**Student:** 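Okay, handing you the structure first.
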Amino acid sequence: GAARVTVLGLVGRDWRAGRLRAELVRRAISTAGLCAGAGRVTPAYAKPVRRGSSGVEYEDPRLDFDNYAPPTAAEEARLIRRLERTWERVDALCVSDQLRLGSITPGVRARLIELARSGRKPVVIDSRDRIAGFTGPAILKPNELEAFRALSGAGRKPSLDPADRAGLALGFSALQKARVFMTAGAEGAFFAADGRVEHLPAVPAAPPLDIVGAGDAFLAALTLAL
């Protein structure tokens with residue numbers, strides 16, 4: 001239901017950036033917000049499929065392409081300028097912070113929080129390792145492990161029943177002073193805000209399942225719904 005989509009981020013000057021741009025253009029998604037850095041790697045992971053002589057296909061171990069240094073100060077400044085220009089032209093902003101040394105730098109994170117505080121538009125944020133660094137009025141979308149880590153500092157979550165998950169979502173919402181949509185796999189999601197929590201059941205899905213992109217799909221659908 002989105003009339004127009006644009007993408008922001010920092011890429012390299014490599015074949016993965018070319019492939020990404022081509023796929024975005026094919027889907028009529030604006031690439032004006034992509035910044036190319038001379039020393040950057042376009043992050044990606046690939047799942048090679050091996051085909052045997054009998055026609056059987058199976059996946060080889062995945063291949064990851066990533067950066068080993070953070071963006072430079074100049075690259076961060078360019079990203080923030082693109083973010084500010086884009087902010088004026090969109091109805092909502094999705095933030096997918098999945099990389100240790102990706103586009104969501106400390107400076108970008110601070111500007112995102114400022115934009116969310118303006119209250120003009122929804123800012124919906126998903127962050128693998130830094131969700132605790134974001135606060136309301138941004139809308140936060142952790143999964144249950146990310147929320148548990150933020151609350152407890154522990155790396156591995158315990159087995160949780162629905163009541164525990166509801167309490168986890170409530171606690172995380174109170175800690176971050178934010179509206180929270182916490183995903184919980186086959187249990188669906190838990191919405192928590194202002195001391196209230198609501199369970200949003202998932203639609204049953206039959207296996208085999210590939211969870212790749214599930215959080216991103218939820219992030220996009222949630223933002224469109226809002």
Side-chain angles (χ1 to χ4, degrees), residues 1-10 24 27-35 76 79-99 102-147 150-151 165-166 168-184 187-203 213-226:
R4 289 182 300 276
V5 178
T6 187
V7 63
L8 291 164
L10 182 62
L24 291 170
R27 291 164 171 79
I29 296 172
S30 171
T31 61
L34 287 182
C35 304
E76 181 183 67
L79 279 169
I80 293 172
R81 288 195 297 270
R82 299 280 176 98
L83 169 62
E84 290 168 343
R85 286 202 296 268
T86 302
W87 173 255
E88 297 302 325
R89 301 197 301 266
V90 298
D91 297 314
L93 193 64
C94 293
V95 181
S96 183
D97 178 23
Q98 304 298 331
L99 299 165
S103 300
I104 312 301
T105 64
V108 170
R109 184 164 60 249
R111 190 68 183 111
L112 286 167
I113 293 171
E114 290 173 355
L115 293 173
R117 284 177 180 157
S118 74
R120 294 169 54 198
K121 305 166 185 180
V123 179
V124 189
I125 297 173
D126 186 12
S127 179
R128 177 171 293 162
D129 298 313
R130 293 177 285 262
I131 195 69
F134 294 97
T135 60
I139 299 160
L140 306 186
K141 192 221 76 69
N143 62 31
E144 56 185 328
L145 174 57
E146 291 157 356
L151 275 176
R165 291 189 177 100
L168 178 58
L170 266 177
F172 182 73
S173 173
L175 178 69
Q176 304 305 122
K177 298 179 173 58
R179 287 177 287 168
V180 169
F181 288 85
M182 184 188 81
T183 57
E187 295 300 317
F190 292 80
F191 170 61
D194 303 319
R196 298 178 295 107
V197 65
E198 180 182 356
H199 181 210
L200 312 172
V203 176
D216 295 330
F218 188 98
L219 173 66
L222 169 63
T223 306
L224 286 171
L226 292 170

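Side chains included, hydrogens not; waters and symmetry mates left out as well; all remaining heavy atoms used. These figures come from a predicted structure and were not determined experimentally.
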**Student:** Are D126 and F218 close enough, and set up right, to give a side chain to side chain contact (heavy atoms under 4.5 Å, CB included), and what steps lead you there?
**Tutor:** CA-CA 10 Å; D126 186 12; F218 188 98; over 6 Å; no
**Student:** For R130 and E146, run side chain to side chain contact (heavy atoms under 4.5 Å, CB included): C-alpha distance rounded to whole Å, both residues' side-chain angles, the deciding distance at 0.1 Å, then the answer.
**Tutor:** CA-CA 9 Å; R130 293 177 285 262; E146 291 157 356; over 6 Å; no
**Student:** Could you pull out all residues at least two apart from F134 that satisfy ring-ring contact (aromatic ring centres under 6.0 Å, His included)?
**Tutor:** none
**Student:** Locate the shortest heavy-atom distance separating Q98 from S96; write the atom from each residue and the value.
**Tutor:** CG-OG, 3.3 Å
**Student:** Once you round to the nearest 0.5 Å, how far does SG of C35 lie from CZ of R81?
**Tutor:** 8.5 Å
**Student:** Got a second to check how far L10's CG is from S103's OG, nearest 0.5 Å?
**Tutor:** 5.0 Å
**Student:** What do the steps show when you test D97 against R128 for salt bridge (Lys or Arg N to Asp or Glu O under 4.0 Å), and what is the final call?
**Tutor:** CA-CA 6 Å; D97 178 23; R128 177 171 293 162; over 6 Å; no
**Student:** When you compare the side chain of R117 with that of P137, does any pair of heavy atoms fall below 4.5 Å?
**Tutor:** yes
**Student:** Nearest 0.5 Å please: distance from the CD atom of E198 over to the CZ atom of F191.
**Tutor:** 7.5 Å
**Student:** What are the two closest non-hydrogen atoms of I125 and L219, and how far apart are they?
**Tutor:** N-CD1, 4.5 Å
**Student:** Is there side-chain contact between M182 and E187, with at least one heavy-atom pair below 4.5 Å?
**Tutor:** no
**Student:** Do L34 and L8 come within less than 4.5 Å of each other through their side chains, counting heavy atoms only?
**Tutor:** no
**Student:** Are F172 and I131 side-chain neighbours, meaning at least one heavy-atom pair lies under 4.5 Å?
**Tutor:** yes
**Student:** Take atom CG in D91; do more than 12 heavy atoms of anything else shown fall under 6.0 Å from it?
**Tutor:** no
**Student:** If we only count heavy atoms from C-beta on, is the W87 to L93 side-chain gap below 4.5 Å?
**Tutor:** yes
**Student:** Specify the closest pair of heavy atoms between A92 and T223, including all atoms of both residues, with the distance to one decimal.
**Tutor:** CB-CG2, 3.6 Å
**Student:** Take atom NZ in K121; do more than 12 heavy atoms of anything else shown fall under 6.0 Å from it?
**Tutor:** yes
**Student:** Grab the two heavy atoms, one from T31 and one from V7, that are nearest each other, plus how far apart they are.
**Tutor:** CA-CG1, 4.3 Å
**Student:** Go through L83 and L112 one step at a time and tell me if the side chain to side chain contact (heavy atoms under 4.5 Å, CB included) criterion holds.
**Tutor:** CA-CA 9 Å; L83 169 62; L112 286 167; 3.9 Å; yes
**Student:** With a 4.5 Å heavy-atom cut-off, do T183 and K141 have their side chains touching?
**Tutor:** yes
**Student:** Are any non-hydrogen side-chain atoms of R179 and S173 less than 4.5 angstrom apart?
**Tutor:** no
**Student:** When you compare the side chains of T135 and Q176, does any donor N or O come within less than 3.5 Å of an acceptor on the partner?
**Tutor:** no
**Student:** Hey, are the side chains of P106 and E76 touching, using non-hydrogen atoms and a 4.5 Å cut-off?
**Tutor:** yes
**Student:** Provide the closest heavy-atom pair for P142 versus V180 in the form atom of the first, atom of the second, distance.
**Tutor:** CD-CG1, 3.9 Å
**Student:** As an exercise, state the distance from CG of L99 to CD1 of I104, rounded to the nearest 0.5 Å.
**Tutor:** 9.0 Å
**Student:** Can R111 and E114 be counted as an ion pair, charged N to O under 4.0 angstrom?
**Tutor:** yes
**Student:** Would you name the heavy atoms of A132 and A150 that are closest together and state the gap between them?
**Tutor:** CB-CB, 3.9 Å
**Student:** Step by step, work out the side chain to side chain contact (heavy atoms under 4.5 Å, CB included) result for I139 and F181.
**Tutor:** CA-CA 8 Å; I139 299 160; F181 288 85; 3.8 Å; yes
